[in-house]
Amino acid sequence: MKKKLFMSVLAMGVVALARFTKKPIFYFSICLLLLSCSNNSSKTELCDINISGYEDNTMDFASLASKVDTLYFYVGKEFASVSMIKNIYMTDSLLYVSDFNNCISLFDIGSGKLLKQLVNIGHASNEYLGIEAIAEMNDTVYILDSNSRKVLEYDKNLNYLDKVSLSFVPWDFEVTEDGFLFSKMDVAKDDNRFIHTDKKGTILNADVAASPIGQELFLCKSLIRHNNDYYLHELMSNDIYRWKEGKMSKSYTVHFPNINENEANGKQSLFIKDYFVTTKHFICSFMYDHKQNYCIYFKEDGTIKTGSFDINSGRPFSPIFQKGDSLIGIYSTDDIKSLPNWKPQIDDCALTLFI
């Protein structure tokens, strides 16, 4: 059997979900978790965030959640099973899932049915060698293929339209109104990390000096699109940049005064791992004491919550992807079975997705 996955999603908005009662051969279970927050509009983003008090602090996920709902998706016998998930992308009506077999599965959110699967591996113009990321704008779906240095374009039903060839090796990307924003993988000394191109892949601008990083760190997503703003993170740094209408500016700087400014104690310096920017919150994760810790920054009043989440208190929290104000993460069902206070019904499914 394929390795089972569990995906948890933190959403900061109200979403109506349909319920399905039939037992699926394969399903995603999606739960909506709402962070409580003020109804007042958020204040201007602050640049400096001092993170402290996380060393011995454990946060209870239940204290952040106010609602949970469930939505099921089905895989019929005529389709291949979905292996370990690599990327997902959600629109208002469709869910795109790519796995480590380089298969893209298209689900209808309203009915829960799997509509189409695409496996098109090769060197031709309409083929790909590997799927690094998925993005969408105006009903056009974009697939990033780093190995082939190109972006493939599809309509919303995964019918091939065109390709965009690139002169550099991309690592991550987002689509803009006039083109694309890329993280560049093949950086040399004094190179810039982030590349802005037009729709044909012609480089328009490059920004943010790249730091030398290990290949293993490419697992982190560096670009996030939230409404009309784009956020970029240069790995091995604690700076988050905002790109809007061709202009780059530093938006957030995170400080770890207890560790980064005192390395005499032998502790490794801390850096942002994953980050998310929503309407009312800035959330980032970092590794400390062999645990993934989080900082939740409230834009409304500048307060923060920091620490790791108690996996024995309820649902786990491990977001990796973002769509609007929804945060989406992957969690192994083998680990879920070890949680003493949470026993979801996963025995007959190949994979479970919680939002």
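For reference, positions follow the sequence shown, starting with 1. Heavy atoms only: backbone and side chains are in, while hydrogens, waters and symmetry mates are out.
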Subject >> Side chain D155, main chain Y160, donor-acceptor under 3.5 Å >> reply: no
**OP:** Not counting sequence neighbours, which residues clear side chain to side chain contact (heavy atoms under 4.5 Å, CB included) with K156? List them please.
**Re:** L94, Y96, D139
Subject >> Any donor-acceptor N/O pair, D145 side chain to G130 backbone, under 3.5 Å >> reply: yes
Original post:
Run the side-chain contact (heavy atoms from CB on, under 4.5 Å) check on I104 and I131 step by step: do they pass?
Top reply: CA-CA 9 Å; I104 306 175; I131 302 169; 3.3 Å; yes
**OP:** Would you please name every residue forming a side chain to side chain contact (heavy atoms under 4.5 Å, CB included) with S237, sequence neighbours left out?
**Re:** H233, E234, D239
Subject >> Distance, nearest 0.5 Å, that separates NZ of K150 from CD of E127 >> reply: 7.5 Å
Original post:
Quick one: does NZ or CZ of K86 land under 6.0 Å from the six-membered ring centre of F100, within 45 degrees of the ring axis?
Top reply: yes
Subject >> Salt bridge D108-K113, side-chain N to carboxylate O under 4.0 Å >> reply: no
Subject >> K116 side-chain N/O to L158 backbone N/O, donor-acceptor pair under 3.5 Å >> reply: yes
Original post:
Can you find a pair of side-chain heavy atoms, one from K305 and one from M59, that are under 4.5 Å apart?
Top reply: yes
Subject >> Near-ring test H226/Y231, centroid separation under 6.0 angstrom >> reply: no
Original post:
Short question: side chain of N87, backbone of E132 - any donor-acceptor pair under 3.5 Å?
Top reply: yes
**OP:** Answer yes if the side chains of S105 and Q117 hold a donor-acceptor pair under 3.5 Å, and no otherwise.
**Re:** yes
**OP:** Group every Ile, Leu, Val, Met, Phe, Trp and Tyr by side-chain heavy-atom contacts under 4.5 Å, then state whether I134 and M137 land in the same group.
**Re:** no
**OP:** Look up atom CD1 in I195 and atom NZ in K184, then write down how far apart they are to the nearest 0.5 Å.
**Re:** 5.5 Å
**OP:** Scan for ring-ring contact (aromatic ring centres under 6.0 Å, His included) pairs involving residues 184-210, sequence neighbours excluded, and state none if there are none.
**Re:** H196-W243
Original post:
Stepwise, does the side-chain contact (heavy atoms from CB on, under 4.5 Å) test hold for V187 with R193?
Top reply: CA-CA 7 Å; V187 292; R193 174 71 67 191; 3.5 Å; yes
Subject >> Under the side chain to side chain contact (heavy atoms under 4.5 Å, CB included) test, residues paired with T306 that sit two or more places apart >> reply: I51, Y54, C295, I304
Subject >> N/O donor-acceptor pair under 3.5 Å between S285 side chain and D274 backbone >> reply: yes
Original post:
How would you list all residue pairs meeting ring-ring contact (aromatic ring centres under 6.0 Å, His included) that involve residues 117-136, not counting sequence neighbours?
Top reply: none
**OP:** List the steps and the verdict of side-chain contact (heavy atoms from CB on, under 4.5 Å) for D289 and E55.
**Re:** CA-CA 8 Å; D289 194 23; E55 294 89 343; over 6 Å; no
**OP:** Among F256, F271, Y294, find the one that has a ring pair (Phe, Tyr, Trp, His ring centres under 6.0 Å) with F286.
**Re:** F256
Subject >> same_hphob_cluster(I240, V208) at 4.5 Å side-chain heavy-atom cutoff >> reply: no
**OP:** Establish, yes or no, whether a centroid distance under 6.0 Å links the rings of F276 and F282.
**Re:** no
Original post:
Side-chain heavy atoms under 4.5 angstrom apart, residues restricted to Ile, Leu, Val, Met, Phe, Trp, Tyr: same cluster for I109 and L118?
Top reply: no
Subject >> Non-neighbouring partners of D198 that pass salt bridge (charged side-chain N to carboxylate O under 4.0 Å, His left out), sequence neighbours left out >> reply: none
**OP:** Could you tell me if the ring centre of Y252 sits under 6.0 Å from that of Y241?
**Re:** no
**OP:** Would you check if the side chain of D186 reaches a backbone N or O of F168 as a donor-acceptor pair within less than 3.5 Å?
**Re:** no
Original post:
For N159, does the CG atom sit with more than 12 other heavy atoms under 6.0 Å from it, leaving out its own atoms?
Top reply: yes
**OP:** Test V97 against L95 for side-chain contact (heavy atoms from CB on, under 4.5 Å), laying out the working first.
**Re:** CA-CA 7 Å; V97 177; L95 172 69; 3.9 Å; yes
Subject >> Verdict with reasoning, K273 to N293, per side-chain hydrogen bond (donor to acceptor under 3.5 Å, both in side chains) >> reply: CA-CA 10 Å; K273 181 177 178 287; N293 287 257; over 6 Å; no
Original post:
What's the spacing between D301 CG and T303 OG1 if we round to 0.5 Å?
Top reply: 3.5 Å
Subject >> Test item: D99 side-chain N/O and N101 main-chain N/O as donor-acceptor pair under 3.5 Å >> reply: yes
Original post:
Got a donor-acceptor contact below 3.5 angstrom from the N238 side chain to the T253 backbone?
Top reply: no
Original post:
For G324, does its backbone N or O pair with a side-chain atom of Q322 as donor and acceptor, under 3.5 Å?
Top reply: yes
Original post:
In Å, rounded to the nearest 0.5 Å, how long is the span from CD1 of I283 to CD1 of I296?
Top reply: 5.0 Å
Subject >> Nearest-0.5 Å distance, OG1 of residue T91 to CD of residue E136 >> reply: 6.0 Å
**OP:** Check for a donor-acceptor pair, side chain of D48 on one end and backbone N or O of H255 on the other, with a separation under 3.5 Å.
**Re:** no
Original post:
What about F182 and I224, same hydrophobic cluster or not, with Ile/Leu/Val/Met/Phe/Trp/Tyr joined at side-chain heavy-atom distances under 4.5 Å?
Top reply: no
Original post:
Does a side-chain N-to-carboxylate-O contact under 4.0 Å join D178 and K199?
Top reply: no
**OP:** Check the surroundings of atom CD in E245: do more than 12 heavy atoms from other residues, nucleotides or ligands lie under 6.0 Å from it?
**Re:** no
**OP:** Hey, could you give me the NZ/CG distance between K250 and L232, rounded to the nearest 0.5 Å?
**Re:** 13.0 Å
Subject >> E177 side chain reached by N138 side chain, heavy atoms, under 4.5 Å >> reply: yes
